[in-house]
Amino acid sequence: MTDLPPDTAPLRVSVWRGAKAGAFETFDVPMQESQTVLDLVAWIQQNADPTLAYRYACRVGMCGSCAMMVNGVPRWTCRTHVSKVMRGGTVQVAPLRNLPVIKDLAVDMDPFFDKWTEAGGAFFPTKSRADAVEPILPETPARQEADAAIECINCAVCYAACDVVSANPDYLGPAALNRAWSLVNDVKDGALDARLTAVSGAGGCHNCHSQQGCVAHCPNELNPTASIAGLKRATVRAALRGKS
Amino acid sequence: MKSHRNHPLWFAFALHRASGLLLALFLPAHFWVLSYALNDAAALDGFLEWTDYTVVKIAEFGLVFLLAVHMFGGLRLMALEWLPWSPHQKTYAAGAVAASFCLSTLFFLSAV
Ligand code: SF4
Ligand code: SF4
Ligand code: FES
């Protein structure tokens, strides 16, 4: 980052302070070239108010820990350039939607990850270390479905974008269901029927309205709606076979 | 409107929901009027005379649009859920609105 000319007006950044109850507080942050929204938050914490709580780790779009609502839209803040989201010299940063706020910009991710477990997100191996490694052919249709769903960084951007999650707190949500779909297509996994049962309950895949808010906002360009549509078909097929 | 909803397929969802609700309100009234065909033909004719008014014709145009957009939009969603995934959902949603508009305009032109 390089400094812009000294007469460049600072950005007005309003940041959520507090937990569920709280208010926005506005800070003037010097503008810099190629600045990200995470840079703004870090500048405030380092220069204006060290008590500001937020979360990040990698700063390069890999760890999925820096997601926040930026001007009302869920985004990975370390890869979001200020120039892209600034509105008339102001930016609003708030904690992710649909998750309990711990403090300021840090949310409690537990409900999000609990739902991964509930959706059967753990891999069940079918072989031991004594068996030969199973060859996986990249061109098979199942592997291509699994590959399309696998690059998730657990950032919960899709979860924050989903209106069904807000309406139904039991809904497993796009990321957990997307994970389940990648395992449904994994030939090495041995828990297919249990997983299809897990994703077809009251909070399961059939709640999805296919609005594709998750797809519109996923920073890794994944398609949870397509994964969920796959689960809907797979669960109905399993029900017809009398399996779930 | 909340910013996270500002994308075309959310509008497609909202249109599908709104058209469904409006049709659910309209259909009971529609069947009630139709019931006159069975037990009071004169009253039915009285209602049908209304359809000569331009404003009623415009309302009918709206109604045909709602029916068509709910049907085409519903077909898109059924295809999305039951057929192999297609990445052209925005195009299909726009196509559903365009086809419904054409259909209701044709209906309107034949009614005036
Ligand atoms: S498509 Fe389904 S999972 Fe994705 S945002 Fe919409 S309701 Fe949520
Ligand atoms: S599917 Fe996309 S938006 Fe959702 S958690 Fe994974 S990477 Fe983030
Ligand atoms: S800090 Fe790791 S993804 Fe943003």
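Order of the sequence lines fixes the chain letters, A, B, ..., with proteins taken first and strands second; residue numbering starts at 1 for each chain.
Classification of the F112(A)-W116(A) ring pair by plane angle, with boundaries at 30° and 60°, yields perpendicular.
Most heavy-atom pairs under 4.5 Å with chain B, from the set P74(A), S210(A), C208(A): that is S210(A).
T235(A) approaches L196(A) most closely through the heavy-atom pair CG2-O, 3.6 Å.
With a 4.5 Å cut-off on non-hydrogen atoms, N71(A) touches chain B through its backbone but not through its side chain. Only the side chain of V236(A) comes within contact range of chain B, with at least one heavy atom under 4.5 Å from a heavy atom of that chain. The contact between L77(B) and chain A is made entirely by side chain atoms (from C-beta outward), counting heavy-atom distances below 4.5 Å. Of the two parts of A216(A), only the side chain, counted from C-beta on, holds a non-hydrogen atom closer than 4.5 Å to a non-hydrogen atom of chain B.
Residue S3(B) holds its OG atom at 8.5 Å from CD of Q92(A), rounded to the nearest 0.5 Å.
Between K103(A) and D108(A) no salt bridge is recorded (no basic side-chain N to carboxylate O distance below 4.0 Å). Salt-bridge annotation for K115(A) and D170(A): absent, with no side-chain N of the basic residue lying under 4.0 Å from a carboxylate O of the acidic one.
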